[in-house]
Amino acid sequence: MIEFEQIFYTYSCSQKPTINNLSLQLKEGKRYALIGNNGSGKTTFLRLANGLYRPDRGVIRFFGQPLKYNHRGIDRTLFKQWYQQVGLVFQDPEQQLVATTVEEDLSYGLCNLGIPDDEIALRVANTLKEFNLEELAHFPVNYLSLGQKKRLAIADVMILKPKILLLDEPTAYLDPRQRKELIKQLQQISIEGTTILLATHDLDFIYGWADWIFVMDKGKIALQGTPDEVFDKKDLLEGLDLDIPLELKLRMKILSESKKL
Ligand code: ADP
């Protein structure tokens, strides 16, 4: 679905590439997690995947089509399609929410895509319901809690019906109840067929959730595999400062013993 082939990206103020010969493939309908220590390049990767940044070298393909760029970013002919089909939810929802009320915020992206008014009204009503935001429809975005803002930021992207949802640290700073709600929401999105890739430090969550994990180190993929395969490489993970939480170690032990029986 999306393929990164030997991608390099260097920030203009930096000497070394932040993304350093990164290659990976994402298949439709799967649940992916991207882990790695701070500064390994996860956010930069998501911004390349979303088309906000342009690689210095390498090719990004979407359903086999290489992304083309002009001096302003993604080529105009592809831009609308890309913006609609590859959705990115930022770590900080403040960077994403643009309008005054919840309802206005939901319609913003659809207006930009030139969708007719009656279709916008229908999609907004459905999304308010799906994301449990109906009671907040006319509420000022500024007064929402962090959990509500994160929920709205995901709804803002999902209302565009993307093929892939990219999320940067979706569970960061959420309390246990908000985290549980968000995980439920992501389950639902994935059941409905959207491919998801999330960058996270929440190893406990992704162990039971992800189909495939990418481990990033110094701008490239250091390791990838199923959760069992990846968490089995404890020494390598610890070498990258990724400590497996004790409860997760116990859960893995119980699971591996039950498989032996
Ligand atoms: P992660 O999400 O894994 O923490 P980032 O992609 O945010 O990693 O950052 C990777 C590296 O790129 C870090 O060394 C960071 O300081 C640098 N970096 C990130 N954003 C910028 C920027 N806008 N300008 C310059 N350097 C940046």
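Numbering of ligands and ligand atoms starts at 1, following listing order. Here the structure is a predicted model, which means the values were calculated and not measured.
The aromatic rings of W209 and F205 sit tilted, their planes meeting at an angle between 30° and 60°.
Qualifying side chain to side chain contact (heavy atoms under 4.5 Å, CB included) partners for A99, counting only residues two or more places apart in sequence or in other chains: E104, D105.
Residues E181 and R177 are paired through a salt bridge, judged by an N-O separation under 4.0 Å between the basic side chain and the carboxylate. Salt bridge present: R61 and E5 bring a charged side-chain N and a carboxylate O closer than 4.0 Å.
Pairs passing the side-chain hydrogen bond (donor to acceptor under 3.5 Å, both in side chains) check and including a residue from residues 34-44, sequence neighbours excluded, read Y11-T44, N38-H201, T43-D168. For residues 106-129, every residue pair satisfying the salt bridge (Lys or Arg N to Asp or Glu O under 4.0 Å) rule, not counting sequence neighbours, is listed here: E119-R123.
Protein residues are said to neighbour a ligand when one of their heavy atoms lies under 4.0 Å from it; for ligand 1 these are Y11, C13, T18, N37, N38, G39, S40, G41, K42, T43, T44.
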